Amino acid sequence: MAAYGDSLVPPVVEPLPSQQIGAADAAVLEDLAVGSPDDVLVPAFDASGVRWDIDVRTYADHPRVQYYLRYFQGPARDRMAVFLERGSRFEPMIRRRFEAEGLPGDLGYLALIESGYSSEAVSRSRAVGMWQFMRGTGRGYGLRVDTWVDERRDPVKATDAAARHLRDLRERFGSLYLAAAAYNAGAGKVSRSLGKLQWEPVAEPPAEAATASDEESADTPADEAADSAADALAEAADSADAADSAEAAEELPGVTSDAAFFRLAESDLLAAETRDYVPKLIAAALIAKQPAHYGFAPAASAPFGYDSLIVSDATGLDVVARLAGTTLAEIRALNPQYLRLATPPRTHAVVRVPVGIGNDVSRAYAAMPASQRVHFLTHVVRKRERVTTIAARYRLSAADLRSANPKLKGTNRPAAGTRLVIPTVAIPSALAMQAVGAHRPHATASRTHRVRRGETLTAIARRYRVSLPALCRANAIHRDNTLRAGMRLRIPG
């Protein structure tokens, strides 16, 4: 059995604004691929007094860019306003980091279309954070992802990783827009698609004299750029034998231009989401740089800033909040990477606090006894319980449990009635298990449970770490119902 320790009260987790609006964010971001924009009038492109460092001028009138301008001004207007306000907080930090890698700062608007600048965003494919890193890619760029820390949620470290990743993709493909497509679909997919595209026949105009109407309809800059890329692709298809490889395709002059992305987007070699990825970026950059032109109020949030302190062992964020004289929600918003609302044990970790109070919090932390830096549960050992069994129950390692209970040294079977300390920061949260792709024990792929003789709803709920009311709701039964051996229960996710 377990109870909260007498000396400390467990922290109450206040809901974060990003968690409260996460569903609305997700709905808009998912609808970017399938949404039907209103027939709103899109203002004509106007570059007066504005400078972009990605090529929006050439493609501002592209049909898919216009489509997403209508979408952002129509069905997604409310959420777009939220994204712009949120982005104004992070944009200075993102722009500085991108420019340090030699990238245009406007490429940072990818964070708007990826996540709405939300560090809490999680996609259906389990990409996480503001920059929507998959676990493997994030780790490849040095982000820590485990049951304690998920740095894909860290706005600073994830932005650093995204800047380096996009720099590498730009160097590989020679084009910002191809790099953006590769960020979305994967570099291998874009390479293979370019390799296939070069062999597709390019339609040539009929060799006829131009009519008066032909002369009047001059090519737009986007048409000329696309034709130039198409000519390069056609010449490549007629020449080198080695050009049938994706690597050779990437080295062709026309194929490494931004226009090559739009040539590729006209084919069916990329998924619809990737074909529209750059048009979304351009539409986002147009609105973000000229919000009033598109009917949005200019956003004005305080830039993302913070002080920090270094902690030497497991420390609850609620403790830091108390020392800082602020709320847990504010400290959590500055440190979303800590999945258990605490820093990892036996590790030096950086915790961000509001600007101007870092030194005071550091001094207060240094004066605090180590025993007051985390909260704990008390577990009373039952007959025949082993250390490994108890550790498994709380999803701890036996080493972590022993570390918190020196009395366990040399024994794996403590006496019944022994009271053990269970640090609550050591118990993985749902976010922690999700970060590493772990599954709850005993859960089947279909998330059902077959009742055994003598089992109760309470025992089953405890086994799968779900609440009893949630289990009852999922199966439309009352908590007092008698279970029959062999019946199947659905386990809520």
Side-chain angles (χ1 to χ4, degrees), residues 4-19 89-90 92-93 96-97 119-120 129-130 142-144 146-160 301-378 396 399-400 403-406 421-429 431-432:
Y4 284 108
D6 298 330
S7 60
L8 295 170
V9 178
V12 176
V13 181
E14 304 169 37
L16 297 173
S18 57
Q19 293 172 331
R89 183 182 185 217
F90 292 106
M93 179 265 292
R96 285 194 303 271
R97 189 63 193 88
S119 294
E120 306 292 334
M130 182 186 298
L143 299 180
R144 176 175 174 176
D146 55 36
T147 61
W148 282 96
V149 181
D150 188 348
E151 290 180 340
R152 294 175 296 175
R153 297 174 180 269
D154 185 323
V156 177
K157 291 188 176 182
T159 296
D160 174 78
S301 294
F304 180 69
Y306 54 87
D307 284 352
S308 59
L309 70 149
I310 297 176
V311 301
S312 57
D313 205 341
T315 301
L317 296 188
D318 60 308
V319 173
V320 176
R322 189 167 67 250
L323 295 177
T326 186
T327 64
L328 173 59
E330 183 172 5
I331 297 299
R332 174 73 171 85
L334 290 169
N335 301 275
Q337 68 274 22
Y338 294 124
L339 303 181
R340 310 190 195 187
L341 295 180
T343 63
R346 300 181 296 279
T347 302
H348 284 77
V350 176
V351 179
R352 301 187 186 104
V353 295
V355 174
I357 61 173
N359 290 336
D360 292 340
V361 177
S362 293
R363 285 192 290 269
Y365 175 81
M368 174 178 281
S371 61
Q372 296 181 17
R373 295 173 182 174
V374 294
H375 296 294
F376 63 90
L377 298 171
T378 299
L396 305 174
D400 283 343
S403 176
N405 296 273
V421 171
I422 311 293
T424 57
V425 298
I427 303 174
S429 65
L431 284 180

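What's counted below: heavy atoms across the whole structure, side chains too, no hydrogens, waters or symmetry copies. As the structure is a computational prediction, the values presented were derived from the model and not from experiment.
Between D318 and L341 there is no side-chain heavy-atom pair separated by less than 4.5 Å. Counting heavy atoms from C-beta on, the side chains of T326 and I331 come closer than 4.5 Å. When side chains are defined from C-beta on, M93 does not count as touching P303, because their heavy atoms never get closer than 4.5 Å. You'll find the side chain of V320 stays beyond 4.5 Å of the side chain of R322, heavy atoms only. Two residues are said to be in side-chain contact when any heavy atoms from C-beta on lie closer than 4.5 Å; R144 and D154 fail this criterion. The closest side-chain heavy-atom distance from V149 to L339 is not below 4.5 Å. In this structure the side chain of T343 never reaches within 4.5 angstrom of the side chain of Q337, judged on heavy atoms.
Taking every heavy atom of both residues into account, T159 and M130 meet most closely at OG1-SD, 4.3 Å. The heavy-atom pair separating V319 from Q372 by the smallest distance is CG2-O, 3.8 Å. Contact detail for G358 and V353: the closest heavy-atom pair is CA-CG2, 3.9 Å. For V355 against G305, the heavy-atom pair with the smallest separation is CG2-C, 3.4 Å. Minimum heavy-atom separation, A158 to E151: CB-O, 3.8 Å. Scanning all heavy atoms of the two residues, the minimum distance from L317 to V351 falls at CD2-CG1, 4.2 Å.
Partners of R89 under the salt bridge (charged side-chain N to carboxylate O under 4.0 Å, His left out) rule, at least two apart in sequence or in another chain, do not exist in this structure. Here Y365 pairs with nothing under the ring pair (Phe, Tyr, Trp, His ring centres under 6.0 Å) rule; sequence neighbours left out. Here S308 pairs with nothing under the side chain to side chain donor-acceptor pair (under 3.5 Å) rule; sequence neighbours left out. Residues satisfying the salt bridge (charged side-chain N to carboxylate O under 4.0 Å, His left out) test with D360, not counting sequence neighbours, are R363.
Looking at R373, its side chain does come within 3.5 Å of a backbone N or O of M368 through a donor-acceptor pair. Side-chain atoms of T315 do not come within 3.5 Å of backbone N or O of V311 as any donor-acceptor pair.
Residue pairs meeting the salt bridge (charged side-chain N to carboxylate O under 4.0 Å, His left out) criterion with at least one partner in residues 304-314, sequence neighbours excluded, do not occur; the list is empty. Sorted by first and then second residue, the ring-ring contact (aromatic ring centres under 6.0 Å, His included) pairs involving residues 302-355 (not counting sequence neighbours) are F90-F304, F304-Y306.
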Step by step, would you call T147 with R340 a side-chain hydrogen bond (donor to acceptor under 3.5 Å, both in side chains)? CA-CA 8 Å; T147 61; R340 310 190 195 187; 2.7 Å; yes

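Here R332 pairs with E120 in a salt bridge; the nearest charged N to carboxylate O distance falls below 4.0 Å.
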